[in-house]
Amino acid sequence: MAAEHSFDIVSKVDHQEVDNAINQAAKEVGQRFDFKDTATQVKWSGENIEIESSTEERAKAALDVLESKLVRRGVSLKSLKADEPRISGKRAHITCTLQHGISQDNAKKVSKLVRDEGPKSVRTQIMGDELRVTSKSLDDLQSVQALVKEADFDFAVQYTNYR
């Protein structure tokens, strides 16, 4: 009897890479001429990222700097959800949240895609905030990975626990 092979589809964010990107963005914002005298800040605020500046345009520009640093560090922008700028007194604020874990609805979407378009020998199982894909054939699992990657969901997808 052939052995079962599996891998997990997850949506995780490397917090160390995000922290490095925030530090790089804060340093660049502090040094760039177009941010001079705007007191623009990019920093952690609990589990969220807070961008604060004197104007809404400078806050959006600081968000662009942060996004470019995240991309350079290999963090998917699909895992970053930025709110609309809000004005508080004389300051503009943008709160960014990190999305991690696959919701039940998204896991069902991926599972349905694999069931409908993937190889027939592949089975999926929702396990909390991740999705386990199993099959007897490694080739089938690789084709499922290609299928999910090509589907371009609105959340970041990684593959772990490949056995």
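- Cluster annotation: Met127 and Val10 are assigned to distinct hydrophobic clusters (Ile/Leu/Val/Met/Phe/Trp/Tyr, side-chain heavy-atom contacts under 4.5 Å, transitive).
- In this structure, Asp152 pairs ionically with Lys78, as a charged nitrogen and a carboxylate oxygen lie closer than 4.0 Å.
- Rounded to the nearest 0.5 angstrom, Tyr159 OH and Leu131 CG are separated by 10.5 Å.
- Distance check: Ser68 OG to Gln24 CD gives 9.0 Å after rounding to the nearest 0.5 Å.
- Taken from NE2 in His93 to OG in Ser88, the straight-line distance is 4.5 Å, to the nearest 0.5 Å.
- For the pair Gln104/Ile126, a side-chain contact is recorded, criterion being any heavy-atom separation below 4.5 Å from C-beta on.
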With a 3.5 Å cut-off and sequence neighbours excluded, list the donor-acceptor pairs that the side chains of residues 112-119 form with protein atoms.
residue: Lys112; atom: NZ; partner: Asp116; partner atom: OD2; Å: 2.7
residue: Arg115; atom: NH1; partner: Ser111; partner atom: OG; Å: 3.3

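- Hydrophobic clustering places Ile94 together with Val71 (ILVMFWY residues linked when any side-chain heavy atoms are closer than 4.5 Å, directly or through intermediates).
- Residues Val133 and Val122 have side chains in contact (heavy-atom distance under 4.5 Å, counting atoms from C-beta outward).
- Enclosure of atom NZ in Lys108 is not indicated, since only 12 or fewer non-hydrogen atoms of other residues, nucleotides or ligands lie within 6.0 angstrom.
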Inset, instruction - Evaluate the criterion salt bridge (charged side-chain N to carboxylate O under 4.0 Å, His left out) for residue pair Asp83 and Lys81; output intermediate values, then yes/no. - result: CA-CA 7 Å; Asp83 295 341; Lys81 182 181 177 296; 3.5 Å; yes
Legend entry - Working for side-chain hydrogen bond (donor to acceptor under 3.5 Å, both in side chains), residues Ser137 and Ser135: CA-CA 5 Å; Ser137 168; Ser135 176; 5.2 Å; no
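- Here the side chains of Val110 and Phe155 are in contact, with some heavy-atom distance below 4.5 Å.
- Using modelled atom types, one finds a donor on one side chain and an acceptor on the other under 3.5 Å when comparing Arg86 with Thr95.
- For Lys90 and Glu56, the salt-bridge test fails: no basic side-chain N is under 4.0 Å from an acidic carboxylate O.
- Heavy-atom minimum distance, Ala26 versus Val42: CB-O, 3.7 Å.
- The stretch residues 138-149 participates, sequence neighbours left out, in these side-chain hydrogen bond (donor to acceptor under 3.5 Å, both in side chains) pairs: Ser121-Asp140.
- Taking the side chain as every heavy atom from C-beta outward, Arg163 and His5 never approach each other to under 4.5 Å.
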Inset, instruction - Applying side-chain hydrogen bond (donor to acceptor under 3.5 Å, both in side chains), run through Ser54 and Thr38 and close with a yes or a no. - result: CA-CA 5 Å; Ser54 60; Thr38 61; 4.8 Å; no
Inset, instruction - Given side-chain hydrogen bond (donor to acceptor under 3.5 Å, both in side chains), test Gln16 with Asn20 step by step and report yes or no. - result: CA-CA 6 Å; Gln16 185 60 50; Asn20 291 341; 3.2 Å; yes
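- With salt bridges taken as basic N to acidic carboxylate O contacts below 4.0 Å, one links Glu4 and Arg123.
- Of all the heavy atoms in Val13 and Val75, the pair that sits closest is CG1-CG1, 4.3 Å.
- Going from atom CD1 of Ile22 over to atom CD of Glu17 covers 11.5 Å, rounded to the nearest 0.5 Å.
- The closest side-chain donor-acceptor pair between Ser53 and Thr40 falls under 3.5 angstrom.
- The nearest pair of heavy atoms linking Arg58 to Asp34 is NH1-OD2, 3.2 Å.
- Using a 4.0 Å cut-off between charged side-chain N and carboxylate O, Lys43 and Glu50 make no salt bridge.
- The minimum heavy-atom distance linking Phe35 with Ala62 is given by the pair CZ-N, 3.7 Å.
- In this pair, Trp44 and His15 present their aromatic rings tilted. The plane angle is within the 30 to 60° band.
- With a 4.5 Å cut-off on side-chain heavy atoms, Ile51 and Cys96 count as touching.
- A distance of 5.5 Å separates CG of Leu80 from CD1 of Ile49, quoted to the nearest 0.5 Å.
- Distance check: Leu98 CG to Ser11 OG gives 10.5 Å after rounding to the nearest 0.5 Å.
- Residues Arg73 and Ala21 approach most closely at CG-CB, 3.9 Å, considering heavy atoms.
- Between the side chains of Asn106 and Ser103, at least one donor N or O lies within less than 3.5 Å of an accepting N or O.
- With a 4.5 Å cut-off on side-chain heavy atoms, Phe7 and Asn161 do not count as touching.
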